[in-house]
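Below: one structure, written as structure tokens.
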Amino acid sequence: MTDVTDIKGLLLSRIRDVADYPEPGVMFKDITPLLADPAAFGALTDALAEIAVRQAATKIVGLEARGFILGAPVAVRAGVGFIPVRKAGKLPGATLSQAYDLEYGSAEIEIHAEDLTADDRVLVVDDVLATGGTAEASLELIRRSGAQVAGVAVLMELTFLNGRPRLESSLAGAPLESLLTI
């Protein structure tokens, strides 16, 4: 196991700030340099997989779209299944859907109805916890499927957007783990 301080420094060193993207006044946290560095991406995958194992997860849910990039290798490393949470209308077959509010409007996400069972403990993996809306909706989907929530694990938490307080009741005691807090 790598030293936590070393991992944080490595991860932070590979996240690029992009000013005024996607709109003026926003400082975008670009993780593509981290993904391009096999040592950093491997360390990130290992750290998230350790959380999955510690929480006894049986499935990883990855949130569209960067949660797919992070969640799939975490599931492989942890030896568990991977379930994509997609935007509405992207999955064939029977789905469970959950609408949620955004800052300006609303959105809807879906999972395949048969992918989770009452025997599953599900860890939600994503790159960023911002306002918490998508994560909160995914927790509702997991519970509606009959599965248990093992927690939420993210690369970075943007604390100034207050996602953690929004998620507290939805987590119902399950952990929220952020490798980096910004």
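What you see is a predicted model; the values in this text were computed from it and never measured.
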**Item:** Heavy-atom pair of closest approach, residues Leu139 and Ser170
**Value:** CD1-CB, 3.8 Å
**Asked** So if you build clusters from Ile, Leu, Val, Met, Phe, Trp, Tyr with side-chain heavy-atom gaps below 4.5 Å, do Val128 and Leu179 land together?
**Response** yes
**Request:** Mind checking side chain to side chain contact (heavy atoms under 4.5 Å, CB included) for Arg166 and listing every partner two or more places apart, or none if nothing turns up?
**Result:** Thr131, Glu136
**Message:** Membership question, hydrophobic clusters at under 4.5 Å side-chain separation (ILVMFWY): are Val85 and Leu96 in the same one?
**Reply:** yes
**Complete:** Tested for side chain to side chain contact (heavy atoms under 4.5 Å, CB included) against Val154, the lone hit among Leu129, Val125, Ile51 is Leu129
**Item:** Intermediate values then yes/no, side-chain contact (heavy atoms from CB on, under 4.5 Å), Asp127 and Met156
**Value:** CA-CA 6 Å; Asp127 65 328; Met156 68 182 122; 5.6 Å; no
**Asked** Closest approach of Asp101 and Ser106, non-hydrogen atoms and distance?
**Response** OD1-CB, 4.0 Å
**Prompt:** Can you list every side-chain hydrogen bond (donor to acceptor under 3.5 Å, both in side chains) pair that touches residues 80-93, not counting sequence neighbours?
**Reply:** Glu64-Arg86
**Request:** List the atom of Val53, the atom of Ala78, and the distance in Å for their closest heavy-atom pair.
**Result:** CG2-CB, 4.1 Å
**Request:** Could I get the full list of side chain to side chain contact (heavy atoms under 4.5 Å, CB included) partners for Leu35, not counting sequence neighbours?
**Result:** Ile31, Phe41, Ile69, Leu70
**Any pair counted as salt bridge (charged side-chain N to carboxylate O under 4.0 Å, His left out), so long as it reaches residues 107-126, sequence neighbours left out** = Lys59-Asp120
**Asked** Is there a path of hydrophobic side-chain contacts, each under 4.5 Å between heavy atoms of I, L, V, M, F, W or Y residues, that connects Leu44 with Leu12?
**Response** yes
**Fill in**
With sequence neighbours left out, the residues meeting side-chain hydrogen bond (donor to acceptor under 3.5 Å, both in side chains) with Gln98 are Arg144
**Nearest heavy atoms of Ala137 and Ile109, plus distance in Å** = CB-CD1, 3.6 Å
**Complete:** Distance col, row Leu155:CG vs Ile15:CD1, nearest 0.5 angstrom, shows 4.5 Å
**Request:** Would you mind listing every ring-ring contact (aromatic ring centres under 6.0 Å, His included) that reaches into residues 55-102, with sequence neighbours excluded?
**Result:** none
**Prompt:** What are the two closest non-hydrogen atoms of Val80 and Ala57, and how far apart are they?
**Reply:** CG1-O, 3.2 Å
Determine all donor-acceptor pairs shorter than 3.5 Å in which one atom belongs to a side chain in residues 145-153; sequence neighbours excluded.
unit_1 : atom_1 : unit_2 : atom_2 : d
Ser145 : OG     : Ile142 : O      : 2.6
Ser145 : OG     : Ala147 : N      : 3.3

**Asked** Excluding sequence neighbours, so at least two apart, what forms side chain to side chain contact (heavy atoms under 4.5 Å, CB included) with Asp17?
**Response** Met27, Lys29
**Asked** Hydrophobic clusters join Ile, Leu, Val, Met, Phe, Trp and Tyr when side-chain heavy atoms are under 4.5 Å apart, directly or via other members; which others share one with Phe28?
**Response** Val18, Tyr21
**Message:** Applying side-chain hydrogen bond (donor to acceptor under 3.5 Å, both in side chains), can you list everything that pairs with Gln55, at least two apart in sequence or on another chain?
**Reply:** Glu177
**Message:** How long is the straight-line distance from CG of Leu11 back to CG of Asp6, given to the nearest 0.5 Å?
**Reply:** 10.5 Å
**Asked** Could you give the distance from CD1 (Ile83) to CG (Leu116), rounded to the nearest 0.5 Å?
**Response** 5.0 Å
**Fill in**
For Arg77, the side chain to side chain contact (heavy atoms under 4.5 Å, CB included) test, sequence neighbours excluded, returns Thr45, Asp46, Ala49
**Prompt:** Pro84 versus His112: any side-chain heavy-atom pair under 4.5 Å?
**Reply:** no
**Asked** Can you pull the side-chain hydrogen bond (donor to acceptor under 3.5 Å, both in side chains) pairs that have at least one residue in residues 30-39, sequence neighbours excluded?
**Response** Arg14-Asp37, Arg16-Asp30, Arg16-Thr32, Asp30-Thr32
**Prompt:** How many angstroms lie between CD1 in Ile111 and CG in Leu141, if you round to the nearest 0.5 Å?
**Reply:** 5.0 Å
**Residue pair Ala47 / Ile7: nearest heavy atoms and the distance that separates them** = CB-CD1, 4.5 Å
